[in-house]
Each structure stands twice: as C-alpha cells, then as structure tokens.
2 protein chains.
Amino acid sequence: MGYTIGEIAETTGLSIHTLRYYENEGIMPSVKRNGSGIRIYEKTDLEVLQFICCLKETGMPVIDIKKFVNLLVQGDHTIEHRIDLLLKQKENVQSQVNQLMSYIQMLDRKVQLYKTILANKNECQE
Amino acid sequence: MGYTIGEIAETTGLSIHTLRYYENEGIMPSVKRNGSGIRIYEKTDLEVLQFICCLKETGMPVIDIKKFVNLLVQGDHTIEHRIDLLLKQKENVQSQVNQLMSYIQMLDRKVQLYKTILANKNECQE
DNA sequence: ACTTGATCTAGAGTTAACTCAAGATAATAC
DNA sequence: GTATTATCTTGAGTTAACTCTAGATCAAGT
C-alpha cells in the first residue's frame with residue numbers, strides 16, 4: 001500500500017524534482033514518510049496531485065493553487081470557500097476559451113488573406 | 001505620420017522596455033529611425049505588433065513567433081510557409097480549447113461533489 | 001537657452017517554475 | 001554482504017520573458 005516518489009513521477013509525468021518541489025512549496029499537501037524518511041504516497045495523494053495538475057493546466061498560478069491546497073488541508077469547514085475559488089477559476093477558463101476561439105478566427109482570416117494574395121499572384125502569371 | 005515608442009506602448013499595452021526587447025530579439029521586425037536614432041513606428045508596424053500579440057496570447061512561444069516574423073520580413077515568397085505555420089498554430093489552439101473545456105467539466109464535477117458534501121452535512125445537523 | 005520629459009544603448013536584475021548537483025542514507029537484487 | 005539503484009536534503013543553476021538602471025542624447029515648451 002502506497003507508492004514511492006519514483007512511481008508517482010512515472011504515473012503523473014512530473015519529475016521527481018518537481019514532486020519534491022511541490023511539496024516543499026506547499027503546492028501539494030505533505031506526504032507521509034516511512035521510518036527512514038522516505039515518502040510514501042497514498043492513493044489520495046495521487047488524486048490530489050492529479051487535480052492540482054489540472055488546475056495548473058487551466059493556467060492557475062502556483063500561488064493560487066497553494067491557497068487552494070491550504071484550504072484543502074484545513075478540512076471540511078473550508079469547502080464553501082473552495083467552491084468559490086473553483087467557480088472563479090471556471091469563469092477564468094471560460095473566458096480563456098472565448099478568447100482562444102476569437103484567435104482561431106483571426107488565424108483563419110489571416111490564412112484567408114494569404115491565400116488571396118497567392119491566388120492573385122498566380123493569376124498575374126497566367 | 002508615425003508614432004513614438006511611448007504612443008505604441010500606450011496603445012498596445014506593452015511596456016516601452018518590452019517593445020525594445022521585442023525588436024532586439026527579432027520578435028518584431030525592426031522599426032525605422034529618424035535622423036537621431038529615435039524609433040518611428042508606422043501603421044504597419046503597429047498592425048504586425050498586434051498580430052504578434054495575438055500569437056503570443058495563443059501560447060505561441062517567442063522563438064516560434066521569431067520564425068514567423070523572419071518569414072514575414074523575407075517577403076511574399078514565404079507566404080505558403082507562413083500559411084503552414086498559422087494552420088499548425090490553429091490546430092494547437094483548437095486542442096487547447098478542447099482541453100480547457102474538459103477542465104471546465106472537471107471543475108464542475110468537483111464543485112458538484114463539494115456541494116453534495118455540504119448538503120449531507122446540513123442533513124445530519126437537522 | 002534652459003528645463004523637463006522622452007528616448008537611446010548596454011547590460012544587470014527579476015520572477016515563476018522548475019531543474020540539477022553533491023553528498024549522504026536506504027532499499028533491492030544477487 | 002556488497003553492488004546498484006532509489007531516495008533524502010540543502011542549496012545552487014536554469015530558462016523564458018521580461019523589467020529595470022545608468023548615463024547619455026533628443027525633443028518640446030517657455
């Protein structure tokens with residue numbers, strides 16, 4: 001029962017360095033150790049870690065993830081606060097999506113413009 | 001005819017430092033100077049700059065923007081290559097959007113979970 | 001002409017988020 | 001029980017993308 005840091009690095013794709021760094025910085029809750037100080041990750045540690053990775057992927061800065069994790073380790077009485085943070089982040093992500101979609105349109109327009117230029121050049125050569 | 005670096009900073013929201021940095025690094029084409037070496041931005045410079053900002057916002061790393069700008073300054077015979085790059089970036093952005101939308105769902109699920117926990121707690125207290 | 005504010009260059013400093021190094025201890029495989 | 005491999009800590013190094021500093025020159029208002 002429990003995984004070593006190497007196994008967790010393997011399954012999450014994070015490096016061992018990064019895992020230790022996350023723990024030191026409070027980006028993830030601290031992990032239990034065995035008698036000689038070696039980290040033993042439980043299944044819940046892995047789950048929290050994976051959720052943290054998702055938050056990171058949505059562009060949440062490490063400092064905010066830290067705040068969230070702080071609430072997490074404080075227990076159930078922080079759940080309402082956590083809901084707030086997640087809903088705020090959801091709005092963030094939603095507006096990121098909207099902006100990216102507008103950039104897709106912009107890329108399309110630019111490509112269209114370039115194609116028009118090419119078409120005109122070919123016409124002239126005929 | 002032509003804007004100063006300060007005006008361009010104002011309208012783009014980039015700092016003066018950043019504008020000079022972009023030019024030094026080849027992230028934007030170099031700008032004309034007046035007799036005493038002061039940058040005079042033309043309308044086309046502004047347009048290129050704004051397009052570059054968009055590319056940056058889509059997460060294109062500076063090194064790739066540089067490549068694109070390199071093609072740009074080389075003239076029309078690089079248009080096909082530029083189309084390729086932009087279409088590739090469009091795909092990138094599209095998959096970013098997809099991933100972000102899946103994260104929105106994940107955030108929703110987490111919030112839902114938290115709400116269930118809260119609901120159960122209230123029930124117990126009744 | 002003089003002052004004030006903008007711009008110039010070269011190069012150093014900053015920030016976020018890792019990433020690596022060194023030296024020591026622990027676990028595992030034979 | 002020894003060699004190999006993994007893990008530990010502390011602290012330094014790296015990378016991308018700025019951001020700032022200093023000292024000098026330029027431009028605009030009075």
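All values reported here derive from a predicted model rather than from experimental measurement. Each chain gets a letter, A, B and so on, in the order its sequence line appears, and its residues count up from 1.
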K.L.:
What is the distance, rounded to the nearest whole Å, between atom CD1 of A/I5 and atom C1' of D/dT9?
P.N.:
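Taking CD1 of A/I5 and C1' of D/dT9, I get 12 Å after rounding.
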K.L.:
Taking A/T18 for the side chain and A/L14 for the main chain, is one N or O donor matched with an acceptor at less than 3.5 Å?
P.N.:
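Looks like no, no N/O pair under 3.5 Å.
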K.L.:
With no hydrogens and no angle check, do the side chains of A/N92 and A/Q89 hold a donor and an acceptor under 3.5 Å apart?
P.N.:
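A/Q89 and A/N92 do have a side-chain donor-acceptor pair below 3.5 Å.
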K.L.:
Taking any atom closer than 4.0 angstrom to a non-hydrogen atom of chain A, what span of DNA chain C does the protein reach, first nucleotide to last?
P.N.:
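Contact boundaries, 5' end first: C/dA17 to C/dA27.
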K.L.:
Evaluate A/E25 against A/Y21 for side-chain hydrogen bond (donor to acceptor under 3.5 Å, both in side chains), listing each step before the verdict.
P.N.:
CA-CA 6 Å; A/E25 298 293 309; A/Y21 163 76; 4.9 Å; no
K.L.:
Do the charged groups of B/D76 and A/K121 touch, with an N to O distance under 4.0 Å?
P.N.:
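A/K121 and B/D76: not salt-bridged.
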K.L.:
Would you check if the distance from the ring center of A/F51 to the ring center of B/Y103 is below 6.0 Å?
P.N.:
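Not under 6.0 Å, so no.
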K.L.:
Taking atom CD of A/E10 as the centre, report whether more than 12 heavy atoms of other residues, nucleotides or ligands fall under 6.0 Å from it.
P.N.:
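Counting neighbours around CD of A/E10, 12 or fewer heavy atoms of other residues, nucleotides or ligands fall under 6.0 Å, so no.
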K.L.:
For A/I63, does the CD1 atom sit with more than 12 other heavy atoms under 6.0 Å from it, leaving out its own atoms?
P.N.:
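For A/I63, atom CD1 is not crowded (no more than 12 foreign heavy atoms under 6.0 Å).
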K.L.:
Using the closest heavy atom to pick a nucleotide of DNA chain D for each, name whichever of B/P61 or A/I40 lands nearer the 5' end.
P.N.:
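The residue mapped nearer the 5' terminus is A/I40.
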K.L.:
Output the residues of residues 7-27 of chain A in contact with DNA chain C, where contact means a heavy atom of the residue under 4.0 Å from an atom of the strand; sort by number or write none.
P.N.:
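Within this stretch, A/H17, A/T18, A/Y21, A/Y22 sit under 4.0 Å of the strand.
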K.L.:
Side chain to side chain contact (heavy atoms under 4.5 Å, CB included) with A/Q96: which of B/I104, B/L100, B/V97?
P.N.:
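When side chain to side chain contact (heavy atoms under 4.5 Å, CB included) is applied between A/Q96 and each of B/I104, B/L100, B/V97, only B/L100 qualifies.
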K.L.:
Mind calculating the distance between OH (A/Y3) and C1' (D/dA6) to the nearest angstrom?
P.N.:
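Atom OH in A/Y3 sits about 19 Å away from atom C1' in D/dA6.
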K.L.:
Does B/N34 or B/V62 map to a spot on DNA chain D nearer the 5' end, using the closest nucleotide for each?
P.N.:
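On the 5' side of the pair lies B/V62.
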K.L.:
Below the 4.0 Å mark, does D/dA27 have OP1 or OP2 next to a side-chain nitrogen or oxygen of B/R39?
P.N.:
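For B/R39, the contact criterion (side-chain N or O under 4.0 Å from OP1 or OP2 of D/dA27) is not met.
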